[in-house]
**Q** 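The structure's right below; bear with me while I get my questions together.
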2 protein chains.
Amino acid sequence: MNKRRSQKERSAETSAKLMSSTIDLLHDQGITRTTTSDIARHAGVSRGALTHHFASREAVIGASVAEMLSKTARDLHRFAEDFMARGGSSDEIVDYIWQMMDDRLFYVTMEFLPEARHNDDFRADLIPTVREFHAGLDAIWTALAARAGAEPNHTRTVMNATMCLVRGMISQTVLRPDDPVYYASLLQFWKGQVRQHFPIEPAEPASAGSAARIR
Amino acid sequence: MNKRRSQKERSAETSAKLMSSTIDLLHDQGITRTTTSDIARHAGVSRGALTHHFASREAVIGASVAEMLSKTARDLHRFAEDFMARGGSSDEIVDYIWQMMDDRLFYVTMEFLPEARHNDDFRADLIPTVREFHAGLDAIWTALAARAGAEPNHTRTVMNATMCLVRGMISQTVLRPDDPVYYASLLQFWKGQVRQHFPIEPAEPASAGSAARIR
DNA sequence: CGATAAAAACAGCCTTGCTTGTTTGCAAGA
DNA sequence: TCTTGCAAACAAGCAAGGCTGTTTTTATCG
């Protein structure tokens, strides 16, 4: 509508479109099949615009991934605050994490992880953002630990195990597709395990219908 | 030594060298950086030899991965037999699985998983071999269940959780490197959890020094 | 305020290097 | 000799990065 936009606005908007497109394509067609032309086309700009904003293909991908992780970290902090305020259950946390990871986050991660493993610069640029992401996770589990009066160190172990389990589950969906029951039951099992470590409110079994929504 | 080899021998040997080189390169430099020239050079043959044995790049990689999984499945069955014969502990199984996955298996898997996700033919060719691999796993845990008198279904759940956990742990090593203590303690935690489900021999705590060898 | 210069955002082409699959040539074993 | 295993040159496509030209916004000056 507003025809005249400042340069900063134009620039930020184009960058954002490019980064969001990059994540879309990483998820939909994989990192190897995603060319800079694809990214520009999907964002509705020229390849020239892309090279104007990002020095190289590696740079677009790196920036896009960092952006995605930052955004997710912010979401985590918001959830932690909310969780702390109303006092949720550990089951809820497991569900939230599964949904977050299954909602593209870890599928996109699986795309760039090999690149990170073999490209030292790429990996080094990423690590700070990953730490930021983990701080978001910490916030959630710290909230739970405070509520259940659990030891922080042990809480962190359970948190890390949960993250690893979910990562592994999503990896498996690639070569074991179309089996929602399998993943739901694994998640159910895991919630039981976690509950052991945070023995809070028995919670009326009537409303136990918060089963995991899978895929 | 033996100068004269039959054609079959020559052929099989060259194929084996090519497949083994492919796995080496997938692990060392990643799937995207691995060209057919690289594979041939590493195997000490010409690119012509490679194309003689495999129709395409995709074919070499697919065959190499299938070969790797088959071999690992055979190892699993051997371990299961041995385990059954002498009656080992659940800790031992967790250690064995970690070592197996950390010894290149899952690093290589991380390389081809994205390809499998986006290439239907590649994935379809792989799935039978993956099932074969899982049969090997089943053999081990069935042995344990029989020994501990546990319910097979529940055993399978613990097994699947273990596999997912280890997959996730190895994924994490990429962006959280050089922290063996972290991975060792997670594994330690998990062994405790698994032990709960298979309450067998308390085992003299004197020889509890079978801690995980990490990386 | 209006014109104009400068800078930034953007478009599109072009070249180069790399990789893959194909084809041709040759030697070793059946 | 005839097939099979391998070597090496060949052909073609593609994608990334670099380069040049155009439009839009911002700054400067009369």
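Keep in mind the model is a prediction, meaning the values are calculated, not measured. Below, all heavy atoms of this structure are taken into account, side chains as well, without hydrogens, waters or symmetry copies. Chain A is the first sequence line, chain B the second, and so forth, proteins listed ahead of strands; every chain is numbered from 1.
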**Q** What nucleotide, of dA7(D), dG5(D), dT24(D), holds the atom closest to the side chain of Val45(B)?
**A** dA7(D)
**Q** Please tell me whether His77(B) and Phe83(B) form a close aromatic pair, meaning their ring centres lie under 6.0 Å apart.
**A** no
**Q** How many whole angstroms separate atom NZ of Lys8(A) from atom C1' of dT24(D)?
**A** 17 Å
**Q** Would you please test Asp103(A) and Gln99(A) for side-chain hydrogen bond (donor to acceptor under 3.5 Å, both in side chains) and show each step?
**A** CA-CA 6 Å; Asp103(A) 180 24; Gln99(A) 276 167 37; over 6 Å; no
**Q** dA9(C), dC6(D), dG12(C): which one has an atom nearest the side-chain heavy atoms of His53(B)?
**A** dC6(D)
**Q** To the nearest Å, how far apart are Glu13(B) CD and dG29(C) P?
**A**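 It is 13 Å, rounded to the nearest whole Å.
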**Q** For nucleotides 18-25 of chain C, read 5' to 3', which letter fits each nucleotide if B means a protein heavy atom sits under 4.0 Å from the base, S means only the sugar-phosphate is that close, and - means neither?
**A** -SBBB---
**Q** Would you say His52(B) reaches dC6(D)'s phosphate, i.e. side-chain N/O to OP1/OP2 under 4.0 Å?
**A**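 Looking at the OP1 and OP2 atoms of dC6(D), neither is under 4.0 Å from any side-chain N or O of His52(B).
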**Q** Of the options dA11(C), dT24(D), dA7(D), whose atoms approach the side-chain atoms of Ala49(A) most closely?
**A**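 Out of dA11(C), dT24(D), dA7(D), the nucleotide with an atom closest to Ala49(A)'s side chain is dA11(C).
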**Q** Among Arg47(A), Gln29(A), Arg33(A), find the residue that satisfies the side chain to side chain donor-acceptor pair (under 3.5 Å) test when tested with Asp38(A).
**A**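 For Asp38(A), the side chain to side chain donor-acceptor pair (under 3.5 Å) check succeeds only for Gln29(A).
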**Q** What is the distance, to the nearest angstrom, from the CZ atom on Arg10(A) to the P atom on dT23(D)?
**A** 13 Å
**Q** Is there a side-chain contact between Tyr107(B) and Met101(B), using heavy atoms and a 4.5 Å cut-off?
**A** no
**Q** Report the relative orientation of the aromatic rings in Phe189(A) and His154(B); use parallel for angles under 30°, tilted for 30 to 60°, perpendicular for over 60°.
**A**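 The arrangement is perpendicular - the two ring planes meet at more than 60°.
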**Q** State, yes or no, whether a side-chain contact exists between Tyr182(A) and Arg176(A) at a heavy-atom distance under 4.5 Å.
**A** yes
**Q** Just the rounded figure in Å: distance from P of dA15(D) to CZ of Phe54(A).
**A**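 The distance from CZ of Phe54(A) to P of dA15(D) comes to 20 Å, rounded to the nearest Å.
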**Q** Round to a whole Å and report the spacing from CG of Leu50(B) to P of dG5(D).
**A** 14 Å
**Q** Send over the distance from Glu9(A) CD to dT24(D) C1', rounded to a whole Å.
**A** 14 Å
